[in-house]
Amino acid sequence: MAEETANANSNEERIHKGIAVSPGTAIGAALVVVDDTLDVPERNIAEDEVVAEIQRFHRALAKTREQLKLLQQNLSDSVKEKHAGIFDAHVLMTQDKMVIDEVENSIRTERENAESVFFRVVGKYIDALASMDDKYFNERAADFRDVATRVVRNMSRSKGRRFDRLPGQRIIVAYELTPSDTASLDRDNTLALTTEVGSRTSHSAIMARAMEIPAVVGIKFKELDIKNGDVVIVDGYKGFLIANPAPETLENYAKRESREEAFHDELRKESRLRPETIDRFRVQLAANIELPQDVALAKRYGAGGVGLFRTEYLYVNRRQPPGIEEQFDIYRGIVEDLDGYPLIVRTYDLGGDKLAMSLTGGVAKIDPNPFLGCRAIRLHLDFPELLCTQLKAILKASAYGDVKVMFPMITSMDEVGQLTALVDMTKKELEAEKEPFNKDIEVGIMIETPSAALIADKLAERVDFFSVGTNDLVQYALAVDRNNERVAHLYQPAHPSILKLVQHAVNAAISNGIWVSICGEMAGDPRYIPLLVGMGAHELSMNPSSIGPARRLVRRLNTHDAYVILEQAMQASNGDEVLDLVEGMLYEIAPDIMNMILLGE
Ligand code: PEP
Ligand code: MG
């Protein structure tokens, strides 16, 4: 298990800043995971040892598969089924014919032991993936390394690291947590986790959110000066790991923890209150989900439906894309769980920073500028048969509840024409197959490019609803990569240009009589909610845990004041002025939300 770090503690409180990927705060003893370097023995073998060596290699692969399956089962029990899919990809790696053939040949020709040959062969693939300038492939390199480490350990009988029985309640501090590490976590005793490697879309982050464990990534491991047992604080709102916290910081966070609990308890009690303003303007509060099991969380927070189901995660980490029946079961399961509330299924938004080998027959092509490359509907139109598989599954699920379909990354009318033609074609096929589906299924689009926002009045004539994706809208309008921490200070949703684009889209929807939702991160941020309500958005769709504060805030607003603040914000010359205005209003009407959610106090 983890060992103690060599350095002694200095007496100063040290705040290490990373990226918050799973909300919540925790105070507790650190478990510093020092990466135990893998010992790969090297030796020459005699000719008559070759067969035995190859058999030993295969036994290790089989044992690895068994372990992975066991992990998968345990995970299914503890975290629900679909996370377990990650391990299908891992099991597949142990069956990779190219790697196995190369290892066997090298054992025969080079007469070296299986561990060293295997490690060298796999190392080539890992290095190639790790050196790519693409987060998705870097994360796959980590997956490969994880599996390779297990295989080598199984050959050398050395023990791997384990997190399933922690010595007590701990905050795990690691350079990297592999999916098998995260899956084997002792949930009852894991208070929080921090890693250097990872992003919001890395498996560990996804799992941490599903387990509701606060998590921060991007914490530079080598810069830490903490040892096992040191008390640390993890702030999953602000992205902090606080080492050697001063007594008053500890006291503040301890108070914050109990205030936070009380605050969330209160908010949960309000989950059945109508999300409407003082003057009775109803704002639907819906959830953004990434995995089917997030629906339970959405319901717990009182979501009025799913405003955005990001289906990309159904496609990654596997060689074959999910088929119609697999997808149908998932969509049907979700909409049935929603008890009459709507489910908006967004067709897979792959490309950009999320690539799926399953879409390109195992060969993932990387665009030189992925966010401006073959992403989302551009991939759909390149591989229409894959889109039609998804559309068929969505349409079939529409017979079981209020299911809508939504296309991401629209930039032109022409694209809408091509996509709706594919929807019509799929409907005809289902009719011919005599499959029941909702013939009037609503088809909507995301407004997340400046071009779509600017031609929203035309687009509104062709579709049933809009959902404004401000995460991408901000990156494309301000020319700021949403994942690049070096330009993070330029990523400003409050920039007046963004407000103008959003307002333009909302106005176009309202004047054409269609539904408009906002589903980017802005929708769940209390600083933008008054502006979005002032614009007249029908729905705000957000991370489930943001729904409670959003409901309370909506109920403290009245549309006139929201409109007035919006008008003032529209006259501002920069984002800071906009924020000053809204924060001034929030201090007056919602100091509790301001303190708890925005200031973290
Ligand atoms: C958005 O762009 O605002 C959005 C909601 O989609 P995603 O974050 O999945 O790109
Ligand atoms: Mg988007």
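Whatever order the structure lists ligands and atoms in, that order sets their numbers, starting from 1. Just the heavy atoms: all of them, side chains too, but no hydrogens, waters or symmetry mates, feed the values below.
- Close approach to L308 involves these atoms of ligand 1, each under 4.0 Å from a residue heavy atom: 5 (C).
- For E448, the N, O or S atom with the smallest separation from the Mg ion (ligand 2) is OE1.
- Residue D472 has at least one heavy-atom neighbour below 4.0 Å for each of these atoms of ligand 1: 1 (C), 2 (O), 3 (O), 10 (O).
- For the pair K396 and F328, the cation sits on the ring face: its NZ or CZ lies under 6.0 Å from the ring centre, inside 45° of the axis.
- Of the heavy atoms in R346, only side-chain atoms (C-beta onward) come closer than 4.0 Å to ligand 1.
- Below 4.0 Å from some heavy atom of M446 lie the following atoms of ligand 1, by number and element: 4 (C), 5 (C), 6 (O).
- Under the 3.5 Å distance criterion, the side-chain polar atoms of E567 are left unmatched by any main-chain donor or acceptor of Y563.
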Exercise for the section: Applying salt bridge (charged side-chain N to carboxylate O under 4.0 Å, His left out), run through E312 and R346 and close with a yes or a no. Expected result: CA-CA 9 Å; E312 299 77 81; R346 178 177 76 182; 2.9 Å; yes
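- Among D440, V443, V405, the single residue meeting the side chain to side chain contact (heavy atoms under 4.5 Å, CB included) criterion with D464 is V443.
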Problem - Stepwise salt bridge (charged side-chain N to carboxylate O under 4.0 Å, His left out) check, D472 with R375 - result: CA-CA 12 Å; D472 278 309; R375 175 182 175 189; 2.8 Å; yes
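- Counting heavy atoms closer than 4.0 Å to ligand 1, residue V468 contributes nothing at all.
- The Mg ion (ligand 2) has an N, O or S atom of D472 inside 2.8 Å of it.
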Problem - Steps toward side chain to side chain contact (heavy atoms under 4.5 Å, CB included) verdict (C374, D382) - result: CA-CA 9 Å; C374 196; D382 264 7; 3.5 Å; yes
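- Taking the six-membered ring where the residue is Trp, H538 and W515 present parallel rings, their angle staying beneath 30° rather than reaching 60°.
- In terms of polar-atom proximity, defined here as any N/O pair under 3.5 Å, E521 makes no such contact with ligand 1.
- Neither the backbone nor the side chain of M542 has a heavy atom within less than 4.0 Å of ligand 1.
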